[in-house]
J.: 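For reference, the structure I am asking about is given below.
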Amino acid sequence: MKIARVVVDVPAMQTDRPFDYLIPDQWKDVIVPGIRVIVPFGPRKVQGFVIEVTSASEVSKLKKISELFDLTPALTDELLELGKWLTEKTLCFQISAFQAMLPAAMKAKYEKRICLTRSSGEMSPELAALFENNQDLSWKDAEAHNLFAALQKEIKKGTLEVVYQVSQKGKQKKVRYLTPAADFETLKRTAEEMPAQAGRQKAVLDYIIASQKSEISISDLKARVNASDSSIKSLVQKGILAEKWMEIYRDPFEHRTFKQTKNMALTNEQQTAIAPILDSIEAGRHEVFMMYGVTGSGKTEVYLQAIDRVMKEGKEAIVLVPEISLTPQMVDRFKGRFGSKVAVLHSGLSTGEKYDEWRKIQRKEVQLAVGARSAIFAPFENLGIIVIDEEHESSYKQEENPKYHARDVAIRRAESYRCPVVLGSATPSLESFARAIKGVYHLLPLRERVNSRALPEVNIVDMREELRKGNRSMFSSDLFEQLQLRLDRKEQTVLFLNRRGFSAFVMCRDCGYVIQCPNCDISMTYHRQGNKLKCHYCAHEAPMPSVCPECSSEHIRFFGTGTQKVEEELAKVLPEARVIRMDVDTTSRKGAHERLLGQFGDGKADILLGTQMIAKGLDFPNVTLVGVLAADTMLHLPDFRAAEKTFQLLTQVSGRAGRHELSGEVVIQSYTPDHYSIQLAKDHHFDGFYEREMMERKQHAYPPFYYLAVVNVSHPDLLKTSSVMENIAQFLIQNLDPHTKVLGPVASPIPRIKNRYRYQCMIKYKRDEKLIPLLKKVMDRYQQEMARDELAISIDLNPTTLM
DNA sequence: AGCACGCCGACT
DNA sequence: GTCGGCGTGCTC
């Protein structure tokens with residue numbers, strides 16, 4: 001008998017390996033790698049993925065696979081292989097890797113039930129009544145009615161038993177439809193021979209004959225010829241029509257039409273950029289392109305035409321976009337060009353809708369998947385290109401297990417399919433741009449805007465100056481004037497408030513001095529407890545000063561503001577302005593995001609006020625002013641990427657102004673206007689920023705000069721947490737390569753979450769073969785404590801955030 | 001993760 | 001003497 005190696009759906013260290021099962025003869029040809037099965041595991045039943053079929057096992061007493069869960073593999077061979085790779089690269093469980101590649105609807109659902117056995121003998125009267133009409137009882141009901149004692153006796157007697165049911169969370173949506181059971185000639189004859197009193201049945205047949213359709217939906221029949229259930233039923237019973245089931249898709253775009261677009265003529269620059277991509281497609285060569293183009297330089301058109309070529313060759317494409325920019329505008333462009341060949345996968349869809357879009361890919365009914373991070377796992381089998389738009393976006397990194405970066409997965413998949421990856425951004429991540437400069441990636445610059453429109457003029461307002469002038473409001477006089485001007489001219493404004501950076505950094509309102517750690521050049525975090533400052537990178541501490549160490553001003557304090565406050569303030573100073581506020585609160589309901597943007601696009605408001613989510617992708621012709629209320633907030637986060645993120649954000653936001661006929665202006669308010677990330681964003685000078693930031697990174701041994709790994713430990717007990725972390729750090733220091741730097745342990749930037757204390761330590765390395773095995777060893781060593789005690793250890797290789 | 005098995009304290 | 005507490009170890 002053949003044997004299947006199965007990875008079971010039990011995410012634990014001790015079960016993170018394949019278990020062998022016998023394949024029953026009737027399934028010997030059906031069960032192939034990638035198929036999900038249900039297997040007995042100890043006393044229960046669990047779902048598992050078949051990863052291999054062999055003929056021998058080291059285990060002698062094998063159990064049989066109890067059920068088949070798929071008829072076609074849920075994961076292709078390539079995705080199984082990719083899962084293995086993910087496991088190694090991110091140190092996650094195999095099962096977690098597999099599950100990450102499938103839509104949430106395909107996760108297994110477990111239910112425990114109590115069933116009658118065949119040898120049902122006498123039962124106690126109260127239970128007998130319960131099982132009078134039911135074959136079984138759910139475990140939850142039994143629990144709720146406190147029946148366990150009585151049930152246990154019956155189980156001992158053998159009249160009842162416990163069964164484990166495994167099903168899938170999401171279901172395919174199916175509809176009943178009718179099909180003629182005979183050819184149309186026979187149908188015609190039957191219709192004529194219909195008895196007179198069967199008028200409705202005759203009408204149904206006449207309609208079917210007239211329409212010449214072989215598949216008739218029941219709702220259609222009911223609407224068109226007023227058919228009733230009984231007349232349909234009798235036609236089916238007579239064998240004239242047959243009933244069938246058909247899978248239908250929940251269509252998230254049902255009520256939307258997309259304007260068909262064609263390839264546009266490319267500018268010279270675009271042509272120069274696309275040529276090497278097309279070469280690579282044609283040659284079947286894997287290559288990574290870094291398409292570095294200013295906002296409005298027409299990156300999307302290049303993607304579209306490259307994808308068009310791929311699809312003409314009968315291959316498939318994946319386009320990743322950041323979660324938040326999956327606004328209708330982006331979907332429109334792809335749907336408009338490729339119509340029904342597109343599947344869209346993003347968080348705005350329901351679980352069922354996502355599953356249906358995924359099914360379209362699996363069934364090869366579409367050739368293009370557009371979506372957020374997880375769309376990188378689209379189950380295509382003949383990929384011709386992968387595009388990652390806004391490559392620098394942090395949402396491409398998953399923060400939960402498996403902690404993968406979509407860019408790495410994209411490159412890995414593209415290697416297997418020998419196809420190109422196109423990374424696009426106006427503000428590439430330092431890592432990617434450095435690789436492009438080194439020649440690892442192929443750099444494709446787009447320096448001109450398609451409409452030759454100049455980039456908007458950016459004014460930086462020094463908020464310290466405003467304060468000196470006696471303006472204590474959150475709007476500088478410059479911004480206020482500009483706002484007033486747009487109202488008069490009936491033009492629109494986007495106001496951006498960066499709420500990230502809520503963590504209290506300490507800054508002097510007079511000179512803009514921000515207190516930084518002497519060892520790390522990272523801003524220190526204010527701690528209410530003890531009124532002191534801490535660095536979360538090296539654990540350095542300092543007392544909270546009462547006067548600014550730089551200028552001795554007393555106006556030194558910590559910072560933070562919200563959109564609601566801004567809205568109130570706006571209502572006070574510009575009562576006639578109509579404001580739409582977009583933040584987590586106003587966009588939490590489904591479709592709210594799109595609706596608000598639609599309203600703004602229709603000119604129903606003068607000002608769009610929002611957080612991160614309005615930073616990208618928006619393109620409204622009437623917007624001529626963009627205001628950034630506080631450019632600094634992010635700059636002082638305890639994050640070595642703070643400057644990079646600030647630069648990216650400011651550049652991104654600035655790009656929202658004056659994209660069409662009207663020219664635009666940008667006002668950036670800042671307490672640190674001289675910081676290079678702000679100054680260089682003003683000049684739209686990425687290259688300058690890159691060089692400056694690379695110096696900083698080199699000096700402080702951060703990526704791209706070093707790789708990072710972070711070990712996080714958490715436990716309800718503070719002492720336990722720090723001592724475990726200390727032990728791990730010591731172990732790593734003693735065993736890692738001497739060139740590898742281990743920093744910490746320190747308390748995490750958020751030292752306690754949900755009553756668990758958190759400690760971390762950072763590892764900076766260039767090349768260290770010992771690292772992964774050592775980290776595995778650490779996990780192994782603490783495995784027991786993690787299972788029993790409340791200890792948790794997590795490892796993030798190449799973290800994007802250190803929170 | 002679940003679940004059974006097994007070894008100690010407080011009850012009929 | 002038995003019921004049930006949760007520490008320990010296993011799941012093909």
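Here is how names work: the chains are called A, B, and so on, in the same order as the sequence lines, proteins then strands, and each is numbered from 1.
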J.: Ignoring hydrogens and geometry beyond distance, is a side-chain donor-acceptor pair present between Glu365(A) and Tyr249(A) at under 3.5 Å?
T.: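 Yes, Tyr249(A) and Glu365(A) have a side-chain donor paired with an acceptor closer than 3.5 Å.
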
J.: Counting heavy atoms from C-beta on, name the nucleotide in dG9(C), dC10(C), dC3(B) closest to the side chain of Gln784(A).
T.: dG9(C)

J.: Take the protein atom NZ of Lys64(A) and the nucleotide atom C1' of dT11(C), then report the distance between them rounded to whole Å.
T.: 19 Å

J.: Over how many whole Å does the gap from Phe93(A) atom CZ to dA1(B) atom P extend?
T.: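 It works out to 7 Å between those atoms.
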
J.: Of the listed nucleotides (dC12(C), dG9(C), dC10(C)), which one gets closest to any side-chain atom of Arg788(A)?
T.: dG9(C)

J.: Is a donor from one side chain sitting under 3.5 angstrom from an acceptor on the other, for Asn401(A) and Ser96(A)?
T.: no

J.: Tell me whether the side-chain N/O atoms of Tyr164(A) come closer than 4.0 Å to OP1 or OP2 in dC3(B).
T.: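 Tyr164(A) to dC3(B) OP1/OP2: side-chain N or O found under 4.0 Å.
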
J.: Would you say Phe41(A) stacks on dT11(C), if stacking means ring centres under 5.5 Å apart and planes within less than 30 degrees?
T.: yes

J.: How close or far is atom C1' of dC3(B) from atom CH2 of Trp139(A), stated in whole angstroms?
T.: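 The distance from CH2 of Trp139(A) to C1' of dC3(B) comes to 11 Å, rounded to the nearest Å.
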
J.: Of all the nucleotides listed (dA1(B), dC3(B), dC12(C)), which has the minimum atom distance to the side chain of Ala12(A)?
T.: dA1(B)

J.: Please check the phosphate of dG2(B) (OP1 and OP2 only) for any side-chain N or O of Arg44(A) closer than 4.0 Å.
T.: yes

J.: When you check the phosphate oxygens OP1 and OP2 of dG2(B), does a side-chain N or O of Lys45(A) lie under 4.0 Å from one of them?
T.: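 Answer no for this pair, as no side-chain N or O of Lys45(A) is under 4.0 Å from OP1 or OP2.
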
J.: Report which part of the nucleic acid Gln14(A) touches: base, sugar-phosphate, or nothing (heavy-atom distance under 4.0 Å, all strands).
T.: base

J.: Taking CD from Gln47(A) and C1' from dA1(B), how many angstroms apart are they, rounded to a whole number?
T.: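 Taking CD of Gln47(A) and C1' of dA1(B), I get 15 Å after rounding.
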
J.: By nearest atom, which of the nucleotides dC12(C), dT11(C), dC3(B) is closest to the Lys112(A) side chain?
T.: dC3(B)

J.: Please tell me whether Phe377(A) and Tyr404(A) form a close aromatic pair, meaning their ring centres lie under 6.0 Å apart.
T.: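 Yes, close enough.
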
J.: Rounding to an integer number of Å, can you tell me how far Asp789(A) CG sits from dA1(B) P?
T.: 13 Å

J.: Ignoring hydrogens and angles, state whether a donor on the side chain of Glu399(A) or Thr800(A) is under 3.5 Å from an acceptor on the partner side chain.
T.: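 Thr800(A) and Glu399(A) do have a side-chain donor-acceptor pair below 3.5 Å.
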
J.: Applying a 4.0 Å non-hydrogen cut-off, can you work out what Pro40(A) is touching in the nucleic acid: base, sugar-phosphate, or nothing?
T.: sugar-phosphate

J.: Expressed as a whole number of angstroms, how long is the span from Glu785(A):CD to dT8(C):C1'?
T.: 15 Å

J.: In whole Å, what is the span from the CD1 atom of Ile23(A) to the P atom of dC12(C)?
T.: 16 Å

J.: Quick one: CE on Met779(A) to CG on Asp16(A), what's the gap to the nearest 0.5 Å?
T.: 10.5 Å

J.: dC10(C) P sits how many Å from Gln783(A) CD, rounded?
T.: 12 Å

